[in-house]
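Before any comments, here is the structure.
Here the structure is a predicted model, which is why all the values come from computation and not from measurement. Proteins get letters first, then strands, A, B, ... in listed order; numbering begins at 1 in each.
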Protein chains: 2
Amino acid sequence: MPLTLEDIARIAGTSRSTVSRVINGDQNVSEATRTKVMDVISKVNFQPNLAARGLAAGHTGILGLVIPMGVSAIFADPFFPLLIQGVSGQCNSRDVSVMLWLAEPEFERRTINNVLYNGLIDGVIIASMLTDDSLVDALRNKSLPFVLVGRHPTDEHIHYVDSDNRSGAYQAVLHMVRMGRKRIACINGPANMIAGMDRARGYRDALKERGISLQPELVVEADFTDPGGYAAMKQLMQYRPDAVFAASDTMAIGAVRAIHELGLRVPEDIAVVGFDDIPMASRITPSLTTVRQPISRIGAIAADTLIDLIENPSDRPQHIILPTELVIRESCGAIHPVRS
Amino acid sequence: MPLTLEDIARIAGTSRSTVSRVINGDQNVSEATRTKVMDVISKVNFQPNLAARGLAAGHTGILGLVIPMGVSAIFADPFFPLLIQGVSGQCNSRDVSVMLWLAEPEFERRTINNVLYNGLIDGVIIASMLTDDSLVDALRNKSLPFVLVGRHPTDEHIHYVDSDNRSGAYQAVLHMVRMGRKRIACINGPANMIAGMDRARGYRDALKERGISLQPELVVEADFTDPGGYAAMKQLMQYRPDAVFAASDTMAIGAVRAIHELGLRVPEDIAVVGFDDIPMASRITPSLTTVRQPISRIGAIAADTLIDLIENPSDRPQHIILPTELVIRESCGAIHPVRS
DNA sequence: GCCGTTTTTGGGAGCGCTCTCACACTTATA
DNA sequence: TATAAGTGTGAGAGCGCTCCCAAAAACGGC
């Protein structure tokens, strides 16, 4: 049977209130009492009951992390694991616990209610990234603090953390233009994901800036998976691209496989640039030029932002965009000169 | 301000107790009262406060999932994501929430206390797989129900779910023997991980059964990562193996890269078999023969076992070993005949 | 030493729920 | 018709904590 505050108080020869003060770091406790109570606490390894604390205090020190599992394949991508890691790490050092919801579509309705109203969660991080997420809509009308991973396309009042997808894609495509590529294709993410939209925008901006007209047939939409990238590339081949920008490394790797299968070479025949810089990117042959985004840091900052927000609800909307970085390797033809 | 049971009772014209009965599915409520209360609940979208419920009932309907993050690289492997997915899915359908702890070493002490004593968690799934995990030791002396993912090497009273690592490795190695390989190397996992030990045992058993003497220099230990497999393979090459069994696909892929880099062919010169059947296994060239283990199912079954255990603490120790399956592809030379 | 302050402490109320118990009311049994 | 045995309901206590308030102790300045 676990001990209670009252038990500790009895052993330490003081009162429940004082023990509570010691645990919560209240200043108004004499040094003598504090050390005595601390001794008892560590001797019996006391841990206050969080349910009781949550009930009495009105907050629990737990934060929710909601990840959509619509495509279960999405977990094959290292994005979510890294995000979870970032969130969890930051929460650990801020003394906050993480509750994870992998929101499967059929449970979504229940998930929403659980997240919003059960009183266990002080706030929530939503890793949705859909342009029209019903969870986000539901949260907007509630008082529960929340932070989005991935910017919100319209509502300026929503806090979010994202990486600079547009600029990353822009740099990547610009680089290929500079390398002399003329027919640069784009394997885009799904249209209902904001990151996909932003990367497509960067692609278009780069072409436009260089006065290259956009060829609609050179842009195809895929689902961020390897097979998706593979299929998209096969489809693109008929239009004879000499370069391709894929909105994720996973798709880029699929695209490279498709290119090789048709007997063409990367980068000599077709240059390939991905997005994310997953570990695999540097290991495939040829190694993949890609746009690095700090996924784990996004998670950490989202957690930080949310915790600040919970402690200080009056904060102005936080819109944090982390920089991306073009990592040049072999697949874009910049390192090894073209052996045509 | 969220509503309480009392509010619902007032609106429905009944008492707090009756509303509580309706919510918890008590039989002794008249049909009329039940529907009336249900109507109110769904109309105002009432969600009972879980902290209060936890405090009053002594359990919360939350289960912990502890994952060691010692090696952060471990998350590059799809194992944990799939495990999380399995646990989470099963918990969703059993109406239980999941609290995730990525236990970083420096926080481990705190994690242990949080998990064991904070009163929020009804039970915990430990995905440790170390042969000597201090968390497991700590839990053994406590009354908190827990289930291990990965069998426990010594204590028969501990509940666990695991896949049949020994048999999987045994089948894999036996297969290579049958294909005529004479010098079969083994890239093993770390010695302090039980899965690594079991797979090494399967390797040894297969050799022994076929009367092949174990060559110690053909067995090296790596860390389940791709670079680890790559380095291990480089080291093995001096002993001229004609086949290699890697204890994970990730290591196998690293090994294949090492082999190719030295100008040798897979499977013609060296056959390779991995373990796990990650999605990448079927996509690399040559496609990887591997041992499939049902990771997501392990997670689901662990969750199920734990929930049963919480509801019925008197259960006898559950030791569930799920079967593994050899998936034959190109890298072992069984599909395409050896072009020597 | 006395009075006003400040620091430290203890007790009470109450967070929103569950669970036990007692009471009212119905139905079956003798 | 009286008694036993359900069925449905409400009130009360209490889960372990925080927070507020008032009392006690310690401190300072005259």
| query | What is the distance from CD of B:E31 to C1' of D:dT9, rounded to the nearest Å? | reply |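 Whole-Å distance recorded here is 16 Å.
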Just to verify, what does [X] make a salt bridge (Lys or Arg N to Asp or Glu O under 4.0 Å) with, not counting sequence neighbours?
{"X": "B:R21", "value": "none"}
{"X": "B:D308", "value": "B:R94"}
{"X": "A:R10", "value": "A:D7"}
{"X": "B:D137", "value": "B:R140"}

| remark: Separation between CG (A:L120) and CE (A:M99), nearest 0.5 Å, reads 6.0 Å
Going by the rule side-chain hydrogen bond (donor to acceptor under 3.5 Å, both in side chains), which residues pair with [X] if we only count those two or more places apart in sequence or in a different chain?
{"X": "B:Q90", "value": "B:D304"}
{"X": "B:S88", "value": "none"}
{"X": "A:T35", "value": "none"}
{"X": "B:D122", "value": "B:T60"}

| query | Quick one: on DNA chain D, does B:L55 or B:Q27 contact a more 5' nucleotide (nearest heavy atom)? | reply |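 In this pair, the answer is B:Q27.
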| task | List for me each residue that meets ring-ring contact (aromatic ring centres under 6.0 Å, His included) alongside B:H319, sequence neighbours excluded, and say none if there are none. | result | B:Y160
| remark: Bounded by its outermost nucleotides with an atom under 4.0 Å from a heavy atom of chain A, the footprint on DNA chain C reads C:dT8 to C:dG16
| request: Using five pairs at either end of the helix from C:dG1-D:dC30 to C:dA30-D:dT1, determine the angle between the two local helix axes and round it to 10 degrees. | output: 40°
Write out a two-atom table: protein N or O, nucleotide N or O from nucleotides 17-20 of chain D, distance below 3.5 Å.
unit_1, atom_1, unit_2, atom_2, d
D:dC17, OP1, A:N49, N, 3.1
D:dC17, OP2, A:L5, N, 2.4
D:dT18, OP1, A:N24, OD1, 3.4
D:dT18, OP1, A:N24, ND2, 3.0
D:dT18, OP2, A:S20, OG, 2.6
D:dT18, O4, A:R16, NH1, 2.4

